[in-house]
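Residues: numbered from 1 along the sequence shown. Computed from a predicted model, the values in this text were never measured in an experiment.
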Amino acid sequence: MSLVVVGSVAYDGVQTPHGQRERMLGGACTYVALAASYFTEVGVVGVVGEDFDPADRRFLEERGIDLAGLQQKPGKTFYWSGVYSEDMNDRVTLRTELNVFADFRPELPPEYRRRPYLFLGNIQPELQRSVRRQMESPRLVGGDTMNYWIENRREELLAALADWGVLLINDSEARLLSGERNLRRAAERIRGLGPRVVVIKRGEYGAALFCDHGAFLAPAYPLDTVSDPTGAGDCFAGGFFGYLAEQGADPSAGGIEPRLLRRAVIYGSVMGSFCCERFGVERFRTLTRAEIDARFQEFKELTEF
Ligand code: AMP
């Protein structure tokens with residue numbers, strides 16, 4: 001069932017121990033949409049500048065992604081660049097040029113407003129709320145955030161979170177948001193703020209799910225080479241939410257089935273792992289659903305005992 005994704009569409013410059021790219025397609029919305037497109041119909045809400053390459057537009061359309069909500073404005077596309085540490089667990093941002101993203105006012109095409117699933121990528125919480133308000137009655141709303149909003153727009157973020165069903169967040173941000181060091185306690189605190197489902201992403205250490213039925217822990221897929229981790233968290237979100245949308249997950253009437261949520265975590269991990277295999281969105285040029293399902297099976301074998 002259809003999913004609407006909002007967030008940044010960008011050009012990224014990235015340097016890792018395995019190479020460097022000056023300018024490649026990126027942005028949180030792009031990664032979420034690409035990963036989710038293997039599971040469900042996806043429509044994006046974002047903004048790009050006049051420099052947005054028609055070939056990038058075609059690539060997204062060829063993955064079946066609906067770009068009716070992608071505005072093109074005078075000016076340049078959002079640009080971000082960063083450099084990763086030797087072990088790739090840390091990265092330093094070199095440049096953030098908001099460009100057309102600075103005045104982004106998300107506007108949903110009328111046909112998006114009745115769609116059942118909404119994923120709010122990491123943007124200013126007030127904009128996330130404005131998108132949420134434009135939707136008529138979504139079945140499930142999920143979102144992401146980051147330390148900047150937790151520290152600088154806390155009240156706005158708390159107001160936004162209050163009507164989300166799912167929050168995906170990384171471990172340091174979960175601690176910052178909740179004020180709790182222990183992840184289980186952090187998750188419980190956050191669940192008290194609105195989202196009944198909290199997924200804490202832990203990079204190469206996997207992910208932890210907390211919901212009404214308890215906790216579930218999944219490792220990260222042990223890749224032999226990580227080329228570029230940019231977008232892995234967003235691809236996790238796209239796989240997780242895309243799978244829930246594909247399955248028609250419904251939080252009313254007793255909450256989403258725990259089995260669906262657990263499988264969604266594994267699909268999230270699978271999509272995050274594929275993302276890291278190549279630079280930027282490259283892996284999605286050839287990736288197939290059959291490869292995704294094969295890695296899902298492999299996860300079962302890796303964790304069964
Ligand atoms: P991740 O590696 O999952 O954190 O996602 C990286 C993506 O986030 C890159 O493609 C960037 O273009 C995008 N990004 C970086 N900084 C921001 C920001 N301040 N707001 C929105 N998107 C951003």
Undergrad: Who passes salt bridge (Lys or Arg N to Asp or Glu O under 4.0 Å) against Glu246, sequence neighbours left out?
TA: Arg289

Undergrad: Taking only residues two or more places apart in sequence or in another chain, which ones pass salt bridge (Lys or Arg N to Asp or Glu O under 4.0 Å) with Glu282?
TA: Arg285

Undergrad: Side-chain donor-acceptor pair under 3.5 Å between Tyr267 and Asp293, yes or no?
TA: yes

Undergrad: What side-chain donor-acceptor pairs closer than 3.5 Å can you find for residues 53-60, not counting sequence neighbours?
TA:
residue, atom, partner, partner atom, Å
Asp53, OD1, Ala55, N, 2.9
Asp56, OD2, Tyr11, OH, 2.7

Undergrad: Filter on salt bridge (charged side-chain N to carboxylate O under 4.0 Å, His left out), then keep only pairs touching residues 114-124, sequence neighbours left out; what's left?
TA: Asp66-Arg115, Arg114-Glu136

Undergrad: When clusters are formed from ILVMFWY side-chain contacts under 4.5 Å, directly or step by step, what else is grouped with Val92?
TA: Val83, Leu94

Undergrad: Quick one: list whatever passes salt bridge (Lys or Arg N to Asp or Glu O under 4.0 Å) with Glu155, sequence neighbours left out.
TA: none

Undergrad: What residues, two or more places apart in sequence or in another chain, satisfy side-chain contact (heavy atoms from CB on, under 4.5 Å) together with Met146?
TA: Asn122, Tyr148, Trp149, Glu173

Undergrad: List, one per line, each side-chain donor-acceptor pair under 3.5 Å for residues 17-29, sequence neighbours excluded.
TA:
residue, atom, partner, partner atom, Å
His18, NE2, Val226, O, 3.4
Arg23, NH2, Asp51, OD2, 3.1

Undergrad: Show me the side-chain donor-acceptor pairs of residues 229-244 shorter than 3.5 Å, one per line, residues at least two apart or across chains.
TA:
residue, atom, partner, partner atom, Å
Thr230, OG1, Tyr84, OH, 2.8
Thr230, OG1, Asp228, OD1, 2.6
Tyr243, OH, Arg263, NE, 3.1

Undergrad: According to ring-ring contact (aromatic ring centres under 6.0 Å, His included), who are the partners of Phe101, at least two apart in sequence or on a separate chain?
TA: Phe78, Phe104

Undergrad: Quick one: hydrophobic cluster around Phe305, which other residues, with the 4.5 Å side-chain cut-off, linked directly or via members?
TA: none

Undergrad: Could you pull out all residues at least two apart from Glu277 that satisfy salt bridge (Lys or Arg N to Asp or Glu O under 4.0 Å)?
TA: Arg283, Arg295

